[in-house]
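For reference, the structure discussed in these notes is given below.
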Amino acid sequence: MAHEYPRSSGFEQSYRCYPVSFIDKQHLEKGDKIIMPPSALDRLASMHVDYPMLFELNNSSAGRVTHCGVLEFVADEGLIYIPYWMMENMLLQEGDIVQVKNKNLVKGTYVKLQPHTKDFLDISNPKAILETTLRSYSCLTTGDTIMVPYNNKKYYINIVEAKPSSAVSIIETDCEVDFAPPLDYVEPEKPASSTLAKKRPQEAEEDQVQKVVRFNPFTGSARRLDGKPSTESVAPVIKPHQLESENGTKDTKPSTSASRQRSGKLVFGSNSNQPTKEAPKVVPKKQETSEKAPKKQETSEKAQEEKETEFQAFTGKKYSLKGRGQKGGKIRTAFDEEMLRLDAQIVIANACRYFHTTN
């Protein structure tokens with residue numbers, strides 16, 4: 001039975017609630033509209049309430065409050081039918097008593113929503129889907145959880161904040177919508193600063209090694225085409241540990257060499273470390289002549305040795321393409337012998353003809 005209250009306090013009744021599926025109106029699960037009895041319409045019409053009619057639902061046993069609109073007045077007396085998602089928000093079971101009170105709500109200007117899962121953000125245009133879904137809602141209350149059906153899937157969204165009041169009307173109003181991170185969203189872990197500090201000196205060391213160890217062209221051992229050993233010096237390959245050991249000693253040398261060089265001249269390579277030239281010795285003429293003789297012999301012998309060991313091009317054994325051997329003799333083949341035999345026969349035949357003609 002419905003309990004009536006004085007008319008001065010406005011419309012306020014207690015009803016037993018049931019899901020809208022009990023009267024085959026499952027399409028109401030996509031909004032916040034309820035079904036009330038005809039007696040409620042009579043009371044509301046006599047009170048001259050504002051339209052659209054909005055109500056406050058209160059579950060005093062659980063301390064839950066929400067707001068909704070009304071679609072029809074065709075329910076049985078003492079009963080109301082509400083969407084099942086609203087019964088879950090208010091912790092109501094089938095047949096529980098809920099208080100219904102007429103309420104005037106201000107129009108909302110801002111709403112902040114928080115999806116339960118990240119799947120809702122994967123939709124191509126979530127704001128457009130949310131806009132079409134909220135057309136079947138008349139009001140929003142902070143702390144409620146609404147259900148958005150899309151592509152045969154149900155998405156649950158929390159009402160985190162509403163302005164200018166905790167409960168606002170969204171009928172024929174421009175309302176700004178903002179999204180909070182989903183409940184299952186996890187921020188990526190940031191790398192610790194200690195690991196970065198450890199990596200930086202290692203990277204610096206690697207850069208130094210790459211700068212020191214680099215390609216040095218024209219290094220290696222020299223070889224001559226004539227087979228003789230080369231006397232030219234080869235630039236040594238610089239190694240990293242040699243550079244590190246020599247850095248300390250080389251830093252002090254430029255200062256001393258620079259002090260000994262004269263200003264105003266370009267000096268390519270310092271001669272300060274080279275030994276000074278000694279004065280030439282004066283030798284008597286007799287000693288010079290006696291010393292020159294053995295020197296000449298030595299130089300002549302060295303010249304002969306150098307000539308003998310000197311490389312001479314186009315030397316060695318000679319070979320002929322005509323078949324001549326090393327001694328110059330001719331190698332006869334079967335073809336040559338046959339030609340000689342034919343030549344002899346021709347000579348004999350000519351001699352016989354000449355003898356017959358003379359006789």
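With sequence neighbours left out, the salt bridge (Lys or Arg N to Asp or Glu O under 4.0 Å) criterion links E94 to no other residue. Residues meeting the salt bridge (Lys or Arg N to Asp or Glu O under 4.0 Å) test with E161, sequence neighbours left out: K163. Looking at residues two or more places apart in sequence or on another chain, you find a side chain to side chain donor-acceptor pair (under 3.5 Å) between T66 and D144.
Around CD of E172, the count of heavy atoms belonging to other residues, nucleotides or ligands within 6.0 Å does not exceed 12. Heavy atoms of other residues, nucleotides or ligands lying less than 6.0 angstrom from CD of Q93 number 12 at most. Heavy-atom contacts from other residues, nucleotides or ligands closer than 6.0 Å to CG of N350 number more than 12. Around the CZ atom of R341, the shell of radius 6.0 Å holds more than 12 heavy atoms that belong to other residues, nucleotides or ligands.
Between the side chains of D32 and S138, a donor-acceptor pair is found at a separation under 3.5 Å. In this model, no donor atom of one side chain and acceptor atom of the other lie less than 3.5 Å apart for S60 and N58.
Rounded to the nearest 0.5 angstrom, C175 SG and L140 CG are separated by 7.5 Å. Going from atom OG of S46 over to atom CG of L41 covers 9.5 Å, rounded to the nearest 0.5 Å. In this structure, Q26 CD and D24 CG are separated by 7.0 Å, a value rounded to the nearest 0.5 Å. Expressed to the nearest 0.5 Å, how far CG of N102 lies from CD of E56 amounts to 10.0 Å. The OG atom of S14 sits 6.5 Å away from the CD1 atom of I97 when rounded to the nearest 0.5 Å. Distance CG/L105 to OG1/T141: 7.0 Å, rounded to 0.5 Å.
Checking side-chain atoms of K30 against main-chain N and O of T133 turns up no donor-acceptor pair under 3.5 Å. For W85 (side chain) and G31 (main-chain N/O), a donor-acceptor pair under 3.5 Å exists by modelled atom type. With hydrogens and angles disregarded, no donor-acceptor distance shorter than 3.5 Å links the side chain of R43 to the backbone of F11. Listed for the E29 side chain is a donor-acceptor partner under 3.5 Å among the backbone atoms of Y84.
Following chains of ILVMFWY side-chain contacts shorter than 4.5 Å, one can reach F179 starting from I170, so the two form part of one hydrophobic cluster. Under the 4.5 Å side-chain heavy-atom criterion for grouping Ile, Leu, Val, Met, Phe, Trp and Tyr, I171 is not connected to M86 through any hydrophobic cluster. Residues M53 and V100 are members of one and the same hydrophobic cluster, defined by side-chain heavy-atom contacts under 4.5 angstrom among Ile, Leu, Val, Met, Phe, Trp and Tyr.
The shortest distance between side-chain heavy atoms of C68 and L57 falls below 4.5 Å. A heavy-atom distance below 4.5 Å is not found between the side chains of V168 and Y110. Side chains of M36 and Q13 form no contact here, defined as non-hydrogen atoms less than 4.5 Å apart. Residues P164 and K107 form no side-chain contact, since every pair of their non-hydrogen atoms from C-beta on lies 4.5 Å or further apart. Taking 4.5 Å as the limit, some side-chain heavy atom of I80 sits within range of a side-chain heavy atom of P37. Within the 4.5 Å cutoff, the side chain of P126 has no heavy atoms near those of the Y155 side chain. For the pair F120/L113, no side-chain contact is recorded, criterion being any heavy-atom separation below 4.5 Å from C-beta on.
In the hydrophobic clustering, where aliphatic and aromatic side chains (Ile, Leu, Val, Met, Phe, Trp, Tyr) are joined below 4.5 Å either directly or transitively, L71 groups with Y18, V20, F22, I23, L28, I35, V74, L79, Y81.
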Exercise answer: donor-acceptor pairs, residues 145-154 side-chain atoms, under 3.5 Å, sequence neighbours excluded:
from	atom 1	to	atom 2	distance (Å)
T145	OG1	N158	OD1	2.7
K153	NZ	D119	OD2	3.1

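Closest approach of V98 to M90, counting heavy atoms only: CG2-CE, 4.1 Å. The heavy-atom pair separating K112 from A180 by the smallest distance is CE-CB, 3.8 Å. Among all heavy-atom pairs drawn from L54 and G69, the shortest one is CD2-CA, 4.4 Å. What you find for S169 and T173 is that their closest heavy atoms are O-CG2, 3.8 Å. In this structure, L91 and N59 approach most closely via the heavy-atom pair O-ND2, 3.6 Å.
Each ring pair (Phe, Tyr, Trp, His ring centres under 6.0 Å) pair with one or both residues in residues 46-76, not counting sequence neighbours, would appear here, but there are none.
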Apply the test side chain to side chain contact (heavy atoms under 4.5 Å, CB included) to residues V70 and L44: give CA-CA distance (whole Å), side-chain angles for both, the deciding distance (0.1 Å), then the verdict.
CA-CA 12 Å; V70 61; L44 291 167; over 6 Å; no
